[in-house]
Amino acid sequence: MSYLADIGLEVHVQLQTRTKLFCGCRTDFGAAPNTLVCPVCLGYPGSLPVANQEAIRLTVLTGLMVGSRINSLSSFDRKNYFYPDMPKNYQISQYNQPLCSGGALDFDFQDQPRTVRLRRIHLEEDVGKSIHGSRQSRLDFNRAGHPLMEIVTEPELHSPAEALAFLLALKQMLVYGQISPCNLEEGNLRCDLNCSVRPEGAERLGTKIEVKNLNTFKGVHDALQHEIERQTAALGAGGKLVQETRRFDSARGVTESMRIKEEEHDYRYFPDPDLPSVTLAAELVKAWAELLPEMPRARCARLEREYGLPAYDAQVLAADKHIADFFEETLRQGAKAKAASNWIMTEMMHLLAKSEMDIRRVKITPSALADLLKLLDAQTITAASAKTIFAILFEKGGEAVTLVAQLGMEQVSAEDTLERWVREAVARNPKSADDYRAGKEAALKFLIGQVMRLSGGKANPQRVQDLLKKQLE
Amino acid sequence: MTLPAWNELTVHEALARLEQGDLTSQELVTTLLGVIRERDQQIQGYLEVDEADALRQAAAADQLRKQGHKGQLLGIPLAIKDVLNVQGQSCRCASHILEGYRAPYDATAVERLRAEGALFVGRANMDEFAMGSTTENSAFQVTRNPWDLQRVPGGSSGGSAAVVAADEALAALGSDTGGSVRLPAAFCGCVGLKPTYGRISRYGLTAFASSLDQIGPLTKDIRDAALLLQVMAGHDERDATSSPQPVPDYAAALRKDLAGIKLGLPREYFIAGMDAEVEQIVQQAIRQCEQLGAAISEVSLPLTAFAVATYYIIACAEASANLARFDGVRYGQRVKDAIDPLDMYTRSRAAGFGTEVKRRIILGTYVLSSGYYEAYYCRAQKVRARLRADFVKAFQQCDALLTPVAPTAAFRLGEKTADPLQMYLSDIFTVAVNLSGVCALSVPCGFTSAGLPVGLQVVGPAFGEETILRVGYAYEQSTPWLERKPGRFL
Ligand SMILES: [Zn+2]
């Protein structure tokens, strides 16, 4: 018998607000432990939460991007359970009245358009971090109170690969919407998932198994793969599954049971009396909607239209908001569109992939790249020199013009110098010269290469070709 | 004529003398500290008094006055209920679980008083986490009623009321969740004000029940209550439940007559089972208000009988979450040899909390549990909404309500500790005010034959503080009760 998997995701997204959800502490990543804290986010006696309006706006914007219903009235609730990294031993979340209900995310999976419906999007506070040692645990509350948006999907995904495609599309949208930087290594995006399997053709969903705390997309993929195999095998062998919550051991690639349904917490949700309900006037939501940032598809179309880029170039650049941003900034600094596109799609992406870097962290600035392309366009430097300089700029930063001067890379077009290199190249390679004279065009290419080598890549290739032809006539 | 003892002055009297130069803050504080040393052995109203710090604050205030600084409370010492955060002072909420905790910040109310020059000389005893009606639930000591040392001062702000009544303080701050300022004020014969919910910021007030808690002053007269309210009231961006409503000039509302004022007597507050002497004293006070020009009529608050049950469900539910933070992780007491977090929580909390606090946490956890939530918490919220509507309706017929504060005068120590339900009934006339979010005050209105003070409760609509202060002031100024002092100290 073959089985079908039904997968739902709960994605927790750290919002890119300057300050925490209920206090004025900054949200910077990587600060020394317990330096971004105050009585409110430490849960000191008498402290009170005040909701961050920017976090509410970003959550509503997300809802608008996926067509959710924006609830004119929503409220914060207390979710009660004890854990050392949760300062108040309750988490302020939204239970009965989330900011956004419904909605759907469209994405492409295996070249087919897919739509997965969303159940809700709500806002809650993050907890601190426990750092476990062998004999004691330590706590860092810098993250406690960071605004966290939770996006809950319907169980409408059917494979690990499809779940991955969904997450990539979601991440792309959130980055484009300037909702979250979505740096997985900084914990900006974390997932819980639920997964069940049922015999192909069966109407009712199978027994729901939840897997908590997945910090990487690969983890989501692998946990799902393991769960589907495990559940399918259990059912195939005539066994039964119990509703339970599991955790994923990424080292071993397997999930293991945390607690069964009967052991689930009773969170005793109730409205937080410290926080008045959030009311959102229709005009305000409309005003926010008008400021929605451009989405990937629209940007792709605009790159084609505005700069005359080929469809392929526009698609590659628009896939990553920050790459598209870099491209457009390079144009604003005076570069020509197609040249900038070529260099970003080849040299830049090659070096990014090789160094596993995000374009936001590279040293080369759009203005340096624009200068470099201008020098190339004006034939001040050769393409070969440009590549060398690009690599240096990528790694160390700096100004293109200064580097060209420092390295003496100005293109040489002076007739006498070029002629000297041409004569030398021909003298050293008499066989190639003969081959060309005998009609072998490829020999000319070889000789040009030899001249370029003698010049240290600085010779003007067009002039070298003309001179070679003249010499060999 | 002999000079009055400085400690017996009201705040406004002391301010007048400080301004005239008859008195320095250091003299005032020195006198007060002497009285505290002498009397608090018996009264046990203070948990902590830092004498050196009090004198330092007084010297600084005198210095400021010399430099020409003005402040509405410059140089005035206050007693603070142990539930309010005063930076650098301990703030244990009369609980073992907060031993060692020192407040890292000022409550907004404290900050505003400090900005006007007030001094913070001592921590007043209270029922642990403000849970109780007698102050017997303090983990540290039992405060005595200055009028009869064998009787309770009321609670939960019993320490604040007792030190004001015993002239160990000029005035004090308390907090009122279900009557915790008004009841001890009535039992100890001082003025206690519970402002409208949202009138004074709760930031820095350790929460018992967040939707009910309000800070309130305990004072020797109405004028002082108006003055302290004036300084503390107003919106605070750190408390989302604080009101942006503008703050009027409360002193300007104080007048000696009640011409044109309509006062309502809620039928359900004059019930069988009330102490006959207390009822007669309150009736006498009502007649006095009528003579001052008020029109008296009967009104109805039909759901009064459900108020106590509703109150305990909501207050305990909120408390069960509010007190979850006392876990030994970040501050306060932690058991030393816990084997895991759960062990640390259970043993730290078992050792740190007293019986009444545990009782209410368990009750609150129960009413929020799945399967019981609808029947208890949700239903209580519905009753609360209707109670509130009843008050709105009553205030369409009158400007303020007159009721007793409690069905009896102060009872004996230990008299009700064995029966929590009996104890909860002492809140019967006060809790509906918190559930409805309106304002009320307690003003002394006479003494029983045993010499115990009785309080008259004046209840006003939301943001009706000017009205109840006016009623309280006119009544107080036309009666001799303020002049009486607890005999043993004369
Ligand atoms: Zn903070």
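Predicted, not measured: the structure shown is a model, and the values here were computed from it. Every chain is numbered from 1 and lettered A, B, ... according to where its sequence line falls, protein lines coming before strand lines.
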For Tyr44(A) and Tyr331(B), indicate whether the former's side chain and the latter's backbone hold a donor-acceptor pair under 3.5 Å. no
With no hydrogens and no angle check, is any side-chain donor or acceptor of Asp266(A) less than 3.5 Å from a backbone partner on Ser370(B)? yes
Report, as yes or no, whether the 6.0 Å neighbourhood of atom CD on Glu186(A) holds more than 12 heavy atoms from other residues, nucleotides or ligands. yes
Please determine, among Leu98(B), Leu323(B), Val83(B), Asn85(B), the option with the most heavy-atom pairs under 4.5 Å with chain A. Asn85(B)
Highest number of heavy-atom pairs under 4.5 Å with chain A among Asn322(B), Leu342(B), Asp213(B), Val367(B) belongs to Asn322(B)
Write down the atom of [X], the atom of [Y], and the distance for their closest heavy-atom approach.
X	Y	result
Ser369(B)	Arg268(A)	OG-CD, 4.0 Å
Ser47(A)	Tyr105(B)	N-OH, 3.2 Å
Arg78(A)	Ser210(B)	NH2-OG, 3.6 Å

Output the residues of [range] for which the shortest heavy-atom distance to chain B is under 4.5 Å, in residue-number order; output 'none' if no such residue exists.
range	answer
residues 79-100 of chain A	Asn80(A), Phe82(A), Tyr83(A), Pro84(A), Pro87(A), Lys88(A), Asn89(A), Tyr90(A)
residues 272-288 of chain A	Pro273(A), Asp274(A), Pro276(A)
residues 34-42 of chain A	Pro39(A), Val40(A), Leu42(A)

Comparing Ser137(A), Gly43(A), Pro271(A), Pro49(A) against chain B, the one with the most heavy-atom pairs below 4.5 Å turns out to be Gly43(A)
Tell me, side chain or backbone of Tyr373(B) under 4.5 Å from chain A's heavy atoms, or both, or neither? side chain
Side-chain touch Leu48(A)/Arg202(B), heavy atoms, less than 4.5 angstrom: yes
Under 4.5 Å from a heavy atom of chain B, the part of Phe22(A) involved: neither
Which pairs, with at least one residue in residues 12-38 of chain A and sequence neighbours excluded, count as a salt bridge (Lys or Arg N to Asp or Glu O under 4.0 Å)? Arg26(A)-Asp28(A)
